[in-house]
Amino acid sequence: MKLRFLGKNSTVGDCPTLYATDRDTYLVQGWKVFANDLLTQLEIPEGETALEVPTELFEHLVEDGLPAGEVRRIVDPIMILTPGGTFVVQGREVTDIEALAQMEIPDYETVVEVPKPAITALLEEPHGADLQRRAQPAL
């Protein structure tokens, strides 16, 4: 799998990153989700995982020729908005050794692959009663 770097949101020790692939997908690198209250709200099939990224990460989609990177729709199960204002992205966990070798991934991060049409659909204006799934705050 060939990767094209689109952008990252870095602070010291944090490196959420967005890549385009030659397979009509995006790779999203972000923080592993460990919060039990959040994990209980997700139905994650085998072979998939969820990670957390800042909402600003998707602004880098403009580097892939999209007019804007503002997520306007939250679509289950691809993405949910946390109470802290970040996105949890769910997708197929990347295990391709060649692709992983092209990235720097700290132990507390992971990478998911999401089809481009699924991500670009999130940028569209909601139509009618668009259901937006938000993570419930811990009690």
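Note that these values count all heavy atoms, side chains included, but never hydrogens, waters or copies made by symmetry.
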Treat each ILVMFWY residue as a node, draw an edge where side-chain heavy atoms are under 4.5 Å apart, and state whether Leu27 and Leu18 are in one component. no

Residue pair Ile80, Phe87: steps toward the side chain to side chain contact (heavy atoms under 4.5 Å, CB included) verdict: CA-CA 6 Å; Ile80 61 174; Phe87 287 136; over 6 Å; no

What one should report as the nearest heavy-atom pair of Val88 and Ala50 is CG1-CB, 3.9 Å

Determine whether Arg72 and Leu122 satisfy the following criterion, side chain to side chain contact (heavy atoms under 4.5 Å, CB included), listing intermediate values before the conclusion. CA-CA 6 Å; Arg72 298 168 186 253; Leu122 302 175; over 6 Å; no

Find out whether Thr21 and Arg4 are in side-chain contact, i.e. whether some heavy atom of one side chain is under 4.5 Å from a heavy atom of the other. no

Taking side chain to side chain contact (heavy atoms under 4.5 Å, CB included) as the test, write out the residues that go with Glu93, two or more places apart. Thr49, Thr110

With sequence neighbours left out, what residues match Ile105 under side chain to side chain contact (heavy atoms under 4.5 Å, CB included)? Gln29, Leu100, Met103, Glu109, Val111

CA sep, side-chain torsions, deciding dist, call: Val71, Leu123, side chain to side chain contact (heavy atoms under 4.5 Å, CB included): CA-CA 5 Å; Val71 173; Leu123 308 178; 4.2 Å; yes

What's the spacing between Leu6 CG and Phe58 CZ if we round to 0.5 Å? 10.5 Å

If you group Ile, Leu, Val, Met, Phe, Trp and Tyr by side-chain heavy-atom gaps below 4.5 Å, do Tyr26 and Val89 land in one group? yes

Audit row: Val28, Thr17, side chain to side chain contact (heavy atoms under 4.5 Å, CB included) steps and yes/no: CA-CA 6 Å; Val28 182; Thr17 310; over 6 Å; no

Among residues at least two apart in sequence or on other chains, which ones pass side chain to side chain donor-acceptor pair (under 3.5 Å) with Tyr19? none

Going by salt bridge (Lys or Arg N to Asp or Glu O under 4.0 Å), name the residues that satisfy it together with Glu63, two or more places apart in sequence or in a different chain. none

State, to 0.1 Å, how close Asp96 and Ala99 come at their nearest heavy-atom pair, and which atoms those are. OD1-N, 2.8 Å

According to a 4.5 Å side-chain heavy-atom criterion applied to Ile, Leu, Val, Met, Phe, Trp and Tyr, with indirect links allowed, do Met79 and Leu81 form part of one hydrophobic cluster? yes

If the condition is side chain to side chain donor-acceptor pair (under 3.5 Å), which residues does Glu59 pass it with, not counting sequence neighbours? none

Glu48 side, atom CD; Leu42 side, atom CG - distance, nearest 0.5 Å: 11.0 Å

Would you call Gln90 and Pro45 a side-chain contact if the rule is heavy atoms closer than 4.5 Å? yes

Residues that Arg92 engages under side chain to side chain contact (heavy atoms under 4.5 Å, CB included), provided they are two or more places apart: Arg23, Glu113

Are any of the side-chain heavy atoms of His60 and Asn9 separated by less than 4.5 Å? yes

Heavy-atom pair of closest approach, residues Val112 and Gly91: CG1-O, 3.7 Å

If you look at every heavy atom in Trp31 and Pro16, which pair is closest and at what distance? CZ2-CG, 3.4 Å

Roughly how far apart are Met1 CE and Ile97 CD1, rounded to 0.5 Å? 11.5 Å

Not counting sequence neighbours, list each pair that qualifies as a salt bridge (Lys or Arg N to Asp or Glu O under 4.0 Å) and has a residue in residues 114-123. Asp64-Lys116

Closest non-hydrogen contact found for Gly85 with Thr55 is O-CG2, 3.2 Å

Atom CG of Leu61 and atom CG of Leu66: how far apart are they, to the nearest 0.5 Å? 5.5 Å

Taking only residues two or more places apart in sequence, or in another chain, which ones meet Lys2 in a side chain to side chain donor-acceptor pair (under 3.5 Å)? none

